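Each chain gets a letter, A, B and so on, in the order the sequences are listed, and its residues count up from 1. These figures come from a predicted structure and were not determined experimentally.
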There are 2 protein chains.
Amino acid sequence: MSAVVSRPAGLETRRAILDAALDLFSKRSFDGASTRAIAELAGVTQPLLNYHFAGKEELWRAAVDDLFERFRTSMQRRLSGLRGVDEVTIAKLMVRHFVEFSAANPQLYRIIMQESKRAGGRLDWMVETHVRPMYENAVAMFERLAARGKLAPVAPAHLYYLLTGAGASVFVMAPECQRLTGVDPFAPEFVAAHADLVVDLLIRATTEESA
Amino acid sequence: MSAVVSRPAGLETRRAILDAALDLFSKRSFDGASTRAIAELAGVTQPLLNYHFAGKEELWRAAVDDLFERFRTSMQRRLSGLRGVDEVTIAKLMVRHFVEFSAANPQLYRIIMQESKRAGGRLDWMVETHVRPMYENAVAMFERLAARGKLAPVAPAHLYYLLTGAGASVFVMAPECQRLTGVDPFAPEFVAAHADLVVDLLIRATTEESA
DNA sequence: CATTTACCTGATCGAGCGATAAGATTCGTT
DNA sequence: AACGAATCTTATCGCTCGATCAGGTAAATG
């Protein structure tokens with residue numbers, strides 16, 4: 001029974017709740033993020049979450065929907081108007097965008113990793129609703145690269161987790177990285193260098209070079 | 001006030017509690033794993049956890065100690081008696097062992113990733129007690145490889161998170177991998193192939209080959 | 001055999017959890 | 001200005017959490 005949003009104040013509040021929920025769900029996990037903490041961060045009272053969303057689980061789903069939607073649209077925007085461009089270049093752009101998005105929105109892979117550790121309803125829903133389309137895009141990219149000899153002919157499961165793990169882990173674990181190495185992984189130069197590394201690792205540079 | 005363990009039954013119970021705690025802490029996070037659930041999985045009653053350990057936090061620390069200790073000893077055993085062997089071969093063995101250990105004990109990187117998302121006392125303790133020594137070993141390995149031209153001269157923070165993320169993520173996220181791709185990442189052939197891939201990615205094969 | 005002490009359990013505490021009910025308030029509509 | 005729906009709050013429910021306590025059982029010790 002999510003409310004019929006029809007006034008600007010309601011939309012703003014919804015937005016604030018979603019942002020707070022993403023922050024706390026991603027850092028503290030589903031169980032560790034209390035609805036009271038989310039409400040406080042959003043600047044509202046706790047029962048209001050149940051007015052805008054049907055319950056904690058549905059708030060989580062709405063927040064995850066919002067985050068994946070942002071990833072999809074940003075990727076589409078990045079790749080729009082590149083119809084004639086070389087496929088290897090497009091693949092590099094896709095990988096680079098994934099790394100950059102993971103740096104700007106570490107919540108995405110924090111939540112994915114959190115839920116992926118344990119079988120259950122939330123994982124099932126997330127995989128079928130959001131992860132599988134992402135995965136199939138990645139697999140199609142792997143196949144285009146393999147057809148051009150730019151990728152070892154390995155099962156896509158290896159490449160997918162290799163790529164996402166290598167590209168997103170630093171940002172997922174940013175507080176540890178900061179404390180362990182003294183380096184801020186969100187610094188623009190670090191993000192750029194990391195994206196370069198991941199691109200180079202995945203796509204063996206042979207002769208041509210782009211982006 | 002951890003008890004002075006001096007009878008075999010106590011040691012066995014301690015072991016069962018630690019195993020249950022590792023399983024649930026790693027899958028459900030610190031907050032999500034209730035002491036009652038841990039006790040039930042260990043086959044004991046809940047107040048017994050407070051007899052053997054001073055509280056939830058200290059149980060967590062004991063479990064994490066145990067896990068890192070297992071990693072250290074298994075790595076030492078793997079590398080013992082290799083004093084004269086080529087350093088590149090040793091590096092490959094280290095990376096391979098890391099991947100294989102992450103497959104056999106996904107709890108390690110599940111817990112590391114969980115705690116690394118959020119600054120706090122548990123992260124501080126874990127980094128200074130366990131992660132930093134591991135990291136320094138890795139950095140020393142990177143430097144030996146770079147000195148032989150086997151590694152791009154990149155800041156160790158990049159390489160460390162690249163390596164660990166690429167090597168451990170599949171196993172951390174095994175339930176998702178199973179559902180998403182139908183592949184069981186714990187199957188021996190998958191583990192071996194993944195280790196090969198990570199080794200090849202990190203250490204650019206030039207001419208020689210070993211292990 | 002009696003005593004001590006390590007090991008373990010049942011009962012229960014206060015605190016925090018997610019959720020709901022009832023009512024106040026705000027704002028677009030007429 | 002008045003009405004009604006949308007928005008938000010205060011108070012409170014039942015439940016589970018981690019922790020404590022008093023007591024029971026069993027094994028090693030003298």
With salt bridge (charged side-chain N to carboxylate O under 4.0 Å, His left out) as the rule and sequence neighbours excluded, what pairs involving [range] come up?
| range | value |
| --- | --- |
| residues 155-181 of chain A | A:Arg179-B:Asp124, A:Arg179-B:Glu128 |
| residues 104-117 of chain A | A:Glu115-A:Arg122 |
| residues 27-53 of chain B | B:Asp23-B:Lys27 |

Mind calculating the distance between [atom1] ([X]) and [atom2] ([N]) to the nearest angstrom?
| X | N | atom1 | atom2 | value |
| --- | --- | --- | --- | --- |
| A:His52 | C:dT20 | NE2 | P | 16 Å |
| B:Phe53 | D:dG18 | CZ | P | 15 Å |
| B:Trp60 | D:dG18 | CH2 | P | 16 Å |
| A:Glu57 | C:dC17 | CD | C1' | 15 Å |
| B:Leu59 | D:dC17 | CG | C1' | 15 Å |
| B:Leu49 | C:dT9 | CG | P | 10 Å |
| B:Tyr51 | D:dT20 | OH | C1' | 15 Å |
| A:Asn50 | C:dA22 | CG | P | 16 Å |

(message) Looking at B:Asn105 and B:Gln107, would you say the former's side chain and the latter's main chain have a donor-acceptor pair under 3.5 Å?
(response) no
In terms of side-chain heavy atoms of [X], which of [options] is nearest?
| X | options | result |
| --- | --- | --- |
| A:Lys56 | C:dC8, C:dA19, D:dA19 | C:dA19 |
| B:Thr13 | C:dC8, C:dA19, D:dC8 | C:dC8 |
| B:Leu48 | C:dC8, C:dG10, C:dT20 | C:dC8 |

(message) Restricting to salt bridge (charged side-chain N to carboxylate O under 4.0 Å, His left out), what partner residues turn up for B:Glu87, sequence neighbours left out?
(response) B:Arg148
(request) Applying salt bridge (charged side-chain N to carboxylate O under 4.0 Å, His left out), name anything that partners A:Asp65, two or more places apart in sequence or on another chain. (result) none
(message) Show me the pairs that pass side-chain hydrogen bond (donor to acceptor under 3.5 Å, both in side chains) and involve residues 69-79 of chain B, at least two apart or across chains.
(response) B:Asp66-B:Arg70, B:Glu69-B:Arg72, B:Arg72-B:His130, B:Ser74-B:His97
Review item, side-chain donor-acceptor pairs of residues 167-175 of chain A, under 3.5 Å, at least two apart:
residue: A:Ser169; atom: OG; partner: A:Gly165; partner atom: O; Å: 2.6

(request) Using a cut-off of strictly less than 4.0 Å between a heavy atom of the residue and any atom of DNA chain C, enumerate the qualifying residues of residues 15-33 of chain B by number. (result) none
(request) Return no unless some side-chain N or O of A:Thr35 is found under 4.0 Å from OP1 or OP2 of C:dG18. (result) yes
(request) Provide the closest heavy-atom pair for B:Leu180 versus A:Arg132 in the form atom of the first, atom of the second, distance. (result) O-NH1, 2.8 Å
(message) Please give me the minimum heavy-atom distance between A:Val95 and A:Val198, naming the atom from each residue.
(response) CG1-CG1, 3.8 Å
Please produce a list of atom pairs where a protein N or O lies less than 3.5 Å from an N or O of nucleotides 12-16 of chain D.
none

(message) What residues from residues 110-117 of chain B pass a heavy-atom cutoff of under 4.0 Å to DNA chain D?
(response) none
(request) Report the residues that fulfil ring pair (Phe, Tyr, Trp, His ring centres under 6.0 Å) with A:Tyr109, sequence neighbours left out, ordered by chain and then residue number. (result) A:Phe98
(request) Please name all residues satisfying side chain to side chain contact (heavy atoms under 4.5 Å, CB included) with B:Val44, sequence neighbours left out, ordered by chain then number. (result) B:Thr13, B:Ile17, B:Ala39, B:Ala42, B:Leu48, B:Leu49
